[in-house]
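See below for the structure under consideration.
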Amino acid sequence: MQPPRAARPRLAGLDIFRGLAVAGMILVNTPGSWSHLWWPLDHAEWHGWTPTDLVFPAFLFAVGVALALSFPRKVDGATWVKIARRTLLLIAIGWGLQLIARPDLANFRIPGVLQRIGLCYALAASLAILTASTLADGRRVLRPGAILAAAVVAFLVYWALLVLVPVPGYGPGQLSPEGNLAGYIDRALLTTAHIWSGGTDAAGNVVYDPEGLLSTIPALANVLFGMLAAIAWQRAPERATLRIALAGAALVAIGLLLHPLLPINKKLWTSSFALFTSGSSALLLALCMLATRGGTIPRLLAPLHMLGMNAILGYVLSVLIGIAGFRLFIGTESVQAWGFARLNAVIPDPYAASFTYALIALAIVLAALVPFHRRGIHLRL
């Protein structure tokens, strides 16, 4: 009879970090009025960044941390089946939410947030397995050098493609909404009917998708850097917080230094953006690790911890709340417009009223997760 397998140690702070990322997504995606957004809760118009632009990369970073922490000791056919299953489920849920929001196959958006998470997870997991070392006892161990090299290659390849490959009618190196290579590939392969309708140029033509195909390459690097953070913790837990913070500060600095050469741009997910956001994610993770030093969770952070333990379910619930907000009506007003009008009657500042609506949506998601959390039910795809 084999002895029971020891439980893997948990990285204190990861669930709070992941919960912060999901909470940020909810606050950004469910305002009371899209016309009244405080600038920190809106994406940069094109080049540059706002706090909102750091949210999705942070979640990808968290995916990388969790992936490294759960890396299988043995790799067999069942491991690959699990990776494929999780990837397909993420993509299917993303497409399902899209169909609920806009049941129009002629204008069905193929890319999306969950779709990008699924693709990045599949690529990172595959790369980790294929580059892992095999020990004498048959166990597989991650190789941080190979993971770092893959991240660097992703940055350089994407940078070279954006700068050197000419786009018909625009030439090489164009980083405008209509002239960049990533947008051109999405238009050519997916057509404008199946990419984000909000990705328009100055004339209102749909020309790009922020979660498009080519920009998945640098987004993969965000996941890979999350894996490196987890490896640093596994190898030296007592020194990991400082090392992760220092590495994060270095990545932020590199991203900022590259900004004049290759602008930080979330919608293109430029290499400088991936570096900058990987660094900011590492710094935030280090802060969360400090907040939970000793394994204790501060009471004020308990809701974020709960949200982080059920991150995908929380995100899906928030999307459904957002869909209900504009598809369900109270009289002649959508639920979103009705709710915002009532809040604005009490809170004269429309921006504050819009933000309060988002806070209520976050509170509803947290309340819905409580019974799951109390029963130990956590969605693991």
Side-chain angles (χ1 to χ4, degrees), residues 13-31 34 37-66 90 94 97 111-121 196 198-199 209-212 215-216 218-223 225-226 229 248 251-252 255 264-270 272-288 301 303-319 321-322 354-355 357-359 361-363 365-366:
L14 173 58
D15 287 319
I16 291 174
F17 172 76
R18 191 161 41 201
L20 277 170
V22 177
M25 288 181 177
I26 295 172
L27 294 178
V28 167
N29 293 335
T30 54
W34 289 102
L37 298 176
W38 281 324
W39 74 265
L41 297 174
D42 197 6
H43 292 288
E45 185 173 349
W46 192 241
H47 295 325
W49 68 92
T50 70
T52 291
D53 293 317
L54 310 181
V55 173
F56 185 24
F59 193 88
L60 288 176
F61 189 91
V63 169
V65 176
L90 284 166
L97 292 173
V113 169
L114 289 176
Q115 295 90 309
R116 169 155 288 181
I117 292 172
L119 289 176
C120 287
Y121 163 78
W196 185 47
D209 193 299
E211 280 80 48
S215 60
T216 301
L220 168 64
N222 291 83
V223 179
F225 274 114
L251 290 174
V252 167
I264 292 174
N265 185 309
K266 190 266 180 190
K267 290 168 182 173
L268 288 178
W269 212 288
T270 53
S272 54
F273 174 79
L275 282 162
F276 178 73
T277 55
S278 293
S280 64
S281 298
L283 288 170
L284 182 57
L285 175 62
L287 287 174
C288 292
L301 299 180
L304 292 175
H305 179 262
M306 178 183 68
L307 182 58
M309 293 188 73
N310 243 327
I312 295 295
L313 180 57
Y315 175 75
V316 169
L317 288 174
S318 73
V319 173
I321 289 172
S354 181
F355 180 62
Y357 184 98
L359 286 175
L362 175 58
V365 170
L366 290 171

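All residue numbers refer to positions in the sequence shown, counting from 1.
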Residues R18, F59; criterion side chain to side chain contact (heavy atoms under 4.5 Å, CB included); working and verdict
CA-CA 6 Å; R18 191 161 41 201; F59 193 88; 4.0 Å; yes
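- Judged purely by atom type and a 3.5 angstrom limit, D209 uses its side chain to pair as donor or acceptor with the backbone of W196.
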N29 and S318: side chain to side chain contact (heavy atoms under 4.5 Å, CB included), yes or no, with the steps?
CA-CA 8 Å; N29 293 335; S318 73; 5.8 Å; no
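- For the residue pair A229 and L285, the shortest heavy atom distance occurs at CB-CD2, 4.1 Å.
- Contact detail for A358 and P31: the closest heavy-atom pair is CB-CA, 4.2 Å.
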Quick one: do E211 and K267 satisfy salt bridge (Lys or Arg N to Asp or Glu O under 4.0 Å)? Show the steps, please.
CA-CA 8 Å; E211 280 80 48; K267 290 168 182 173; over 6 Å; no
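- In this structure, L307 and A23 approach most closely via the heavy-atom pair CD2-N, 3.7 Å.
- Using a 4.5 Å heavy-atom cutoff, the side chains of M25 and F56 are in contact.
- At least one donor-acceptor pair closer than 3.5 Å links the side chain of T50 to the backbone N or O of D42.
- Considering CG of L41 and CZ of F355, their distance stands at 6.0 Å, rounded to 0.5 Å.
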CA sep, side-chain torsions, deciding dist, call: L268, W46, side chain to side chain contact (heavy atoms under 4.5 Å, CB included):
CA-CA 9 Å; L268 288 178; W46 192 241; 3.8 Å; yes
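- How far CD1 of I264 is from OG of S272: 5.0 Å, rounded to the nearest 0.5 Å.
- In terms of heavy atoms, A361 sits closest to T30 at CB-OG1, 3.5 Å.
- At least one side-chain heavy atom of Y315 sits less than 4.5 Å from a side-chain heavy atom of L114.
- Nearest heavy atoms, V223 versus C120: CG2-CB, 3.8 Å.
- Distance check, rounded to the nearest 0.5 Å: CG of L14 to NE2 of H305 gives 9.0 Å.
- Taken to the nearest 0.5 Å, the CG atom of L301 stands 7.5 Å off from the SG atom of C288.
- Looking at heavy atoms from C-beta onward, S354 lies out of side-chain contact with W34 at the 4.5 angstrom threshold.
- Of all non-hydrogen atoms in V252 and S280, the two that sit nearest each other are CG2-N, 3.4 Å.
- Between W39 and P51, some side-chain heavy-atom pair lies under the 4.5 Å cut-off.
- A donor-acceptor contact closer than 3.5 angstrom links the side chains of W269 and N222.
- A donor-acceptor contact shorter than 3.5 Å links the side chain of R116 to the backbone of G212.
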Side chain to side chain contact (heavy atoms under 4.5 Å, CB included) for D53 and F276? Distances and angles first, verdict last.
CA-CA 11 Å; D53 293 317; F276 178 73; over 6 Å; no
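- Of the possible polar contacts, none joining the N265 side chain to the F273 backbone as a donor-acceptor pair under 3.5 Å is found.
- F61 and F17 have perpendicular rings, their planes meeting at more than 60° on a 0 to 90° scale where under 30° would count as parallel.
- Of the inter-residue distances, the one linking L362 atom CG with L317 atom CG reads 11.5 Å to the nearest 0.5 angstrom.
- Rounding to the nearest 0.5 angstrom, the gap separating the CD1 atom in I312 from the CG atom in L90 is 5.5 Å.
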